[in-house]
Every structure is written in C-alpha cells, then in structure tokens.
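By convention in this document, chain letters (A, B, ...) are assigned in the order of the sequence lines, proteins followed by strands, and residues within each chain are numbered from 1. Quick note: numbers below take in every heavy atom, side chains included, and nothing from hydrogens, waters or symmetry partners.
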Amino acid sequence: MPRLDTDFHNRVYAVVMAIPEGRVTTYGAIAEALGLRRSARMVGRALGALTGEPGIPCHRVVNSSGALSGAPRFATPTLMRELLEAEGVTFRGETVVMGRHFWDPRTNYRGEL
DNA sequence: CGGCTGACTGCGA
DNA sequence: TTCGCAGCCAGCC
C-alpha cells in the first residue's frame with residue numbers, strides 16, 4: 001500500500017481525480033496548481049506511489065510535450081495509451097495532441113491548495 | 001540528521 | 001529542429 005497519507009500525495013491525488021475523461025494534463029501544471037512551480041518531478045514521483053490505486057486516472061498525466069513518459073510504469077507498456085485512446089484522446093505519432101486535450105488544473109481545478 | 005533520487009521542464013547550442 | 005544540461009524539493013534510505 002503506497003503512502004497516500006501525506007499532504008502532498010493527497011493533493012496530487014485530488015487534482016488527478018479532477019481531470020475529466022478524454023482530457024490530459026501535465027506534471028508541471030499539477031505542480032503549479034499545488035504551488036510548487038518548478039517541481040514537476042515531485043508530481044511524477046508522487047504518481048509513482050499512487051500508481052495502481054483505484055480511482056486515480058494517472059494515465060491522464062503526460063509530460064509537457066504530450067509524450068507518455070509514465071507508460072513504462074503501467075502493467076504493460078501500451079496500457080497507458082490504450083486507456084487514453086479508449087477515452088477518445090487522439091495522438092500524433094507517439095504524442096497526445098495537447099492543443100485539443102490539455103486540461104489546465106490551474107484554471108479548472110478549484111480545491112484546497 | 002544528511003544525502004541521493006526522480007512518470008519534468010525550459011533554455012541554450 | 002533535435003539534443004544536452006542544470007534546477008527543483010518532498011520522500012526514502
């Protein structure tokens with residue numbers, strides 16, 4: 001059981017859960033939404049601890065280029081992309097079409113910071 | 001208690 | 001346009 005009891009992990013958990021189906025956001029955007037500004041890596045680190053937890057659509061978090069940098073962490077390397085495509089997310093090559101699916105937590109997520 | 005690590009990012013070459 | 005590099009900071013060892 002991953003550590004889900006720290007404030008930081010709980011905040012990441014809350015933001016990721018708020019991502020709508022068929023939309024994606026980035027590590028950096030989540031970090032900024034939490035007030036960390038330059039610590040996108042922390043978000044990825046936290047997601048690693050949250051991976052596999054029910055109710056946390058961590059496949060909707062991609063890097064700023066739209067690439068699925070977290071794919072290797074899933075049960076199979078292709079699962080992340082399969083989950084996204086099943087929700088209607090479109091790709092151009094190996095990356096998500098960000099202009100069409102990006103969801104900004106700083107603008108849309110109203111939670112406790 | 002101190003040090004290393006990482007599902008990132010933006011900028012310079 | 002693609003590639004490399006240094007910063008970032010909570011957790012875990």
Side-chain angles (χ1 to χ4, degrees):
Chain A
M1 190 67 161
R3 301 256 181 283
L4 298 176
D5 54 327
T6 66
D7 282 347
F8 183 73
H9 286 189
N10 276 315
R11 289 173 197 179
V12 172
Y13 173 97
V15 176
V16 174
M17 272 209 318
I19 305 173
E21 210 178 277
R23 291 317 221 9
V24 300
T25 193
T26 70
Y27 303 94
I30 293 174
E32 283 192 34
L34 297 180
L36 293 179
R37 297 194 181 192
R38 313 289 174 183
S39 301
R41 306 182 113 189
M42 288 306 311
V43 176
R45 205 175 189 315
L47 282 184
L50 300 172
T51 300
E53 288 303 303
I56 306 179
C58 45
H59 58 279
R60 294 180 189 146
V61 184
V62 302
N63 68 27
S64 63
S65 313
L68 311 186
S69 53
R73 293 284 279 144
F74 284 70
T76 66
T78 55
L79 181 59
M80 188 175 185
R81 176 161 181 164
E82 288 166 8
L83 290 171
L84 290 171
E85 294 188 310
E87 297 181 354
V89 173
T90 55
F91 287 72
R92 176 166 58 62
E94 305 301 305
T95 65
V96 172
V97 180
M98 294 303 273
R100 181 173 176 175
H101 303 288
F102 180 61
W103 179 84
D104 193 342
R106 292 162 294 183
T107 307
N108 305 286
Y109 174 68
R110 325 242 196 308
E112 298 165 48
L113 305 179

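Remark: the backbone N or O of A/D104 is not paired with any side-chain donor or acceptor of A/T25 at under 3.5 angstrom.
For the pair A/I30 CD1 and B/dC8 P, the computed distance is 12 Å after rounding to whole Å. Atom pair A/R38:CZ and C/dA10:P shows a separation of 15 Å (rounding to whole Å applied). Atom CG of A/N10 and atom P of C/dG11 are 10 Å apart (whole Å). One interatomic measurement links the two molecules: CG of A/L36 to C1' of B/dT9, which rounds to 14 Å at whole-angstrom precision. One can place CZ of A/R45 at 17 Å from P of B/dT9, the figure rounded to the nearest angstrom. The separation between A/F8 atom CZ and C/dC12 atom P is 11 Å, rounded to whole Å. As a whole-Å value, the separation of A/Y13 OH from C/dG11 P is 17 Å. The nearest whole Å value for the distance from the CD atom in A/E94 to the P atom in C/dT2 is 14 Å.
Relative to the ring axis of A/F91, A/R81 places its NZ or CZ within 45° and under 6.0 Å from the centre.
Minimum heavy-atom separation, A/M80 to A/V61: CE-O, 3.2 Å.
Distances from the side chain of A/A40 to the nucleotides B/dA7, B/dC8, C/dG11 place B/dC8 closest. Here the side chain of A/N63 is nearest to one of B/dG6, B/dC8, B/dA7, namely B/dC8. Looking at the side chain of A/S69, the nearest of the listed nucleotides B/dC8, B/dT5, C/dC8 is B/dC8. For A/R41, the side-chain atoms get nearest to C/dG7 when compared with the rest of B/dA7, C/dG7, C/dA10.
Around atom CD of A/E85, more than 12 heavy atoms belonging to other residues, nucleotides or ligands sit under 6.0 Å away. In the displayed structure, A/R106 atom CZ is contacted under 6.0 Å by more than 12 heavy atoms of other residues, nucleotides or ligands.
Using a 4.0 Å heavy-atom distance criterion, A/T26 is classed as a sugar-phosphate-only contact. As judged by a 4.0 angstrom heavy-atom cut-off over every strand, A/Y27 is placed among the base-contacting residues.
A/H59 and A/E87 share a donor-acceptor pair across their side chains, judged by distance under 3.5 Å alone.
In this structure, OG1 on A/T26 lies 5.0 Å from CZ on A/F102, to the nearest 0.5 angstrom.
Between A/S64 and B/dT9 there is a side-chain N or O to OP1 or OP2 distance below 4.0 Å.
Consecutive Watson-Crick or G-U pairing (both distances under 3.5 Å) extending over three or more pairs maps onto DNA chain C as B:2-6 with C:9-13, B:8-13 with C:2-7.
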